[in-house]
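Some notes on the structure that comes next.
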Amino acid sequence: MKVFRYETTGGWFKGNTHIHSTASDGGMTFTQLAELYAGGGYDFLFRTDHWVASDVASDKAAAGDPPVPLLWLDGIELDGNDDAGAAYHVVCLGLVRGMAREMGLEAGLAAARRQGAMCILAHPHWTGNTLDDTLRHDFDGVEVYNHVCRFLNGKSDGAIHWTAMLAENPNVLAFAADDAHLWPGHHGWNGGWVMVNASACTAEAITAALRAGNFYSSCGPEIRSIECRGNQVRVETSPVQFVRLVGPAWNGRPQGAFGGPLLTEASFELPADWPWIWLEMEDIQGRRAWTNPLYRI
Ligand SMILES: [Zn+2]
Ligand SMILES: [Zn+2]
């Protein structure tokens, strides 16, 4: 059964699902990252070091007083080749134990899943993943935007891979993420993030909302409300020049400012025959935001 995905009676919390610290190849410690991101208006971060599973409970104890100024959540980034030889980077969100690079990608993914982690295909364009690669490991989501890849070689966009995944599974979620490393020569942060609607900024509530897809991803635009009545979706946003309803292949319903006043709201009839639908906004600087697939199926 199709159910409208968004339920936005909670608060909006800003977070990032892909960050590296000095525990792998990042340039900042756990505490420095927390202070930086809290200053950027963030409420939570997942630490996702390469093959180093974070354990925020012990990190927090080591940090001592004052307590870190935002909610840290556990994660890891796996990389390697699967049994077919294709290379992947996968961000796994959740507390996982017993991970080591020597186990290889497929065993690592299986162990993360067994322990309840969400598995997100990271920066597929940068990695060089084909569309077929995206379909082999039943990913929960994909990075629709990866900020550091924009800096490294411009291959930051995962939307084409996302559409391929949605053709097989209309529930695949989209994440915009920084993948920040923050050492000289490896710049960039606060360029892609998620806004989660949850009852509270706790590990349980944020994780449950992410799993349900009750969040959107953004490089700039802010969605202030999103609701559905019957087959009409209505969205309120920060000022943007375009709002688009997006479906498979050529299907799209655009609304635009076209030189007039910028849009701060839009309504669309949701076509019954599109197997998946997302909404995206684009501001005057070309920065986008993406909802998840509007229906949970
Ligand atoms: Zn990576
Ligand atoms: Zn990374």
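Ligands are counted one by one from 1 in listed order, and the atoms in each one are counted from 1 as well. All values reported here derive from a predicted model rather than from experimental measurement.
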So, [X] and [Y], do they make that salt bridge, N to O below 4.0 Å?
{"X": "Asp55", "Y": "Arg97", "answer": "yes"}
{"X": "Glu282", "Y": "Arg244", "answer": "yes"}
{"X": "Asp283", "Y": "Arg288", "answer": "no"}
{"X": "Asp49", "Y": "Arg47", "answer": "yes"}

Looking at Trp126, I'd like to know if the NZ or CZ of Lys155 sits under 6.0 Å from its six-membered ring centre while staying within 45 degrees of the ring's axis. no

Hits for ring pair (Phe, Tyr, Trp, His ring centres under 6.0 Å) against His186, two or more places apart or cross-chain, chain-then-number order -> His181, Trp183

So the protein N/O/S atoms within less than 2.8 Å of the Zn ion (ligand 2) come down to His18 NE2, His20 NE2, Glu77 OE1, Asp179 OD1

